[in-house]
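Okay, so here's the structure we're looking at.
In listed order, ligands and their atoms are each counted from 1. The basis for the numbers below is simple: all heavy atoms, side chains too, and nothing from hydrogens, waters or symmetry mates.
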Amino acid sequence: MAEQTDVDVLIIGAGMGGIYQLWSCLQSDPPFSALCIDRAHGVGGTWYWNRYPGAMSDTESYIYRFSWDKEDLLNYPWKEHYVKQPEVLGYLEHVVERHGLAKWMQLGTELLGAEWDDRLGGWRCEIVRVDEDGNPVGEPRTVRARFLITALGLLSKANFPDIPGMDRFKGRKVHTGAWPKGLDVTKDRVGVIGSGSTGVQVITALAPKVKKLVSFQRSPQYSVPSGDGPVSDDYRKWVNENYDDIWKGTRNSMVAFGFKESEIPTMSVSPEERKRIFEEAWQKGNGFRFMFWTFNDISVDRRANDEAANFIKGKIKSIVKDPEKARKLLPREIYARRPLCDGGYYKSFNYDHVDVVNLKDTPITEMTEKGIMTSDGVEHEFDTIIFATGFDAIDGSYNRVRIRGRNGKSLKEHWAPLGPTSYLGVCCANFPNLFMITGPQGPFTNIPPSLETQVEFIIDTMRHYRQRSSRPIIEASEEAEKDWTEKCRKLAEDSLFHETSSWIFGANVGGKKYATRFYFGGLKAYRKELERMVKDDYRGFIKHGEPAQDET
Ligand code: NA7
């Protein structure tokens with residue numbers, strides 16, 4: 001008699017991906033028994049940890065949610081074009097309650113390691129209870145699972161810069177990705193290091209409220225207005241009446257932001273028309289809309305990119321009154337990072353108490369007891385220093401857990417030669433029955449529709465293999481992973497994104513392998529890839545034989 005598993009599926013992470021995966025397991029006929037754990041003491045994933053002022057999704061509210069609960073979709077309230085962190089968290093808590101998922105969850109529990117066991121035909125996982133600070137409580141225990149599904153999030157391991165004298169600072173240091181509950185810094189003099197989408201949000205939110213704010217900015221970015229504001233009853237009615245078409249359009253689009261991407265090249269219209277279209281996008285708001293709804297080549301063609309970049313630079317100069325501050329805020333690289341939007345970021349610098357330090361002119365030399373010292377000898381004094389310095393993205397979330405596949409090789413070792421790779425963004429060769437939600441080389445889009453695509457693919461695949469065998473082994477071939485990686489590399493090379501250095505390529509963390517962490521073909525093409533592969537009888541997956549009856 002072969003050893004039995006304790007549970008069919010162990011899901012790591014109770015954010016959006018983990019919640020939907022758990023629900024899908026329980027809905028299957030017959031259900032997959034499942035346990036979902038999270039080191040956080042609440043559900044929500046990213047939205048549990050990122051409680052910094054101004055934290056919000058920059059996707060329109062109506063598609064920053066699950067599409068599969070139609071009744072809830074039509075009735076759950078949202079007031080503004082964008083959902084803010086407390087609302088997203090509230091929504092996810094509501095989904096867990098509505099579907100009775102909590103009893104299949106064990107929160108405040110961390111995965112220490114997982115090892116593939118050939119004899120078991122599953123994963124031996126070591127988990128442990130942790131307190132609110134992440135310290136282990138009690139002894140670890142082993143869970144034997146047929147499938148291991150990681151829903152760790154793209155961006156969960158904080159990136160802290162290594163600044164000399166970090167420990168000397170007597171004030172408060174806080175990373176945006178681990179913002180303590182209830183922390184209020186509005187009476188403080190605040191320094192913010194980092195100006196990615198988090199930096200832009202936190203600066204915009206705090207600027208009108210704090211005593212003093214200085215942004216320490218290494219790479220000025222392009223940001224456009226978000227267009228946020230209350231939604232009318234008529235608007236909500238329109239969304240509700242058109243939800244099916246909205247989701248259909250979203251799944252059949254490239255970046256899945258709910259608008260139809262442009263099909264016209266930038267230089268195919270007159271300069272006046274170009275300006276008009278850019279202005280219209282500026283007024284409507286949203287970073288992804290500005291990059292992908294206006295014209296079809298901003299992210300791939302240098303001339304088109306310059307046109308968009310110059311338009312935004314013109315806006316920055318007209319908004320920021322102080323020419324020296326404006327000079328510092330003007331981007332110096334092309335417009336090819338994750339597109340940003342904001343609720344008045346550039347205007348924030350018109351306050352006398354808000355300033356920006358260009359770290360390329362005057363780098364940080366050290367942290368002192370009182371604050372931050374820059375190379376011009378100025379000591380900037382603060383009560384609180386906020387690190388909006390981003391994350392050790394994607395593989396960073398995996399590297400802190402010991403996941404060992406066949407032959408005892410860890411994921412970290414598997415990824416060492418080329419950077420994080422996968423087959424179809426969900427599987428890795430030699431890691432049987434391991435599925436990753438928003439793992440490396442998945443689509444670069446609005447997250448919820450991609451994550452739903454992956455969860456649905458994973459559950460369908462598990463069901464399919466369960467019909468073939470009572471001890472299913474689902475395993476991508478090395479060849480398939482190599483081909484997918486090559487496809488992702490080519491797509492990234494065709495895009496201008498690879499000319500900027502950001503977390504998308506692992507370029508934000510010293511010592512990391514420079515490699516694309518995304519599939520740049522868009523959601524529609526990604527879904528087609530999955531469909532074709534399934535039609536091709538799960539091309540790229542190794543055909544394991546049926547186990548003998550007495551093994552089951
Ligand atoms: P990002 O986009 O990685 O931004 C991090 C920012 O921190 C960026 O401006 C970095 O400058 C800056 N940074 C990082 N390290 C340092 C050091 N050592 N010194 C100074 N500045 C530094 O992270 P976010 O949290 O803003 O956003 C991540 C994603 O979360 C976002 O795209 C959304 O999808 C949600 P750099 O640009 O590297 O010069």
- prompt: Can you say whether the rings of W484 and Y423 are parallel (under 30°), tilted (30 to 60°) or perpendicular (over 60°)?
  reply: perpendicular
field: Parallel, tilted or perpendicular: ring planes of F444 versus F518, cut at 30 and 60 degrees
entry: perpendicular
- prompt: If you measure from the Lys or Arg side-chain nitrogens to the Asp or Glu carboxylate oxygens, is any gap between R489 and E493 under 4.0 Å?
  reply: yes
- prompt: Would you call D383 and K211 a salt bridge, taking side-chain N to carboxylate O under 4.0 Å as the test?
  reply: no
field: Exam field: side chain Q217 to backbone K328, donor-acceptor pair closer than 3.5 Å
entry: yes
- line: The protein residues that pass the under-4.0 Å heavy-atom test against ligand 1 are L155, P161, I193, G194, S195, G196, S197, T198, R218, S219, R337, R338, L359, A388, T389, G390, F391, W503, N508
message: For the residue pair Q201 / Y52, report whether a side-chain donor-acceptor contact shorter than 3.5 Å exists.
response: yes
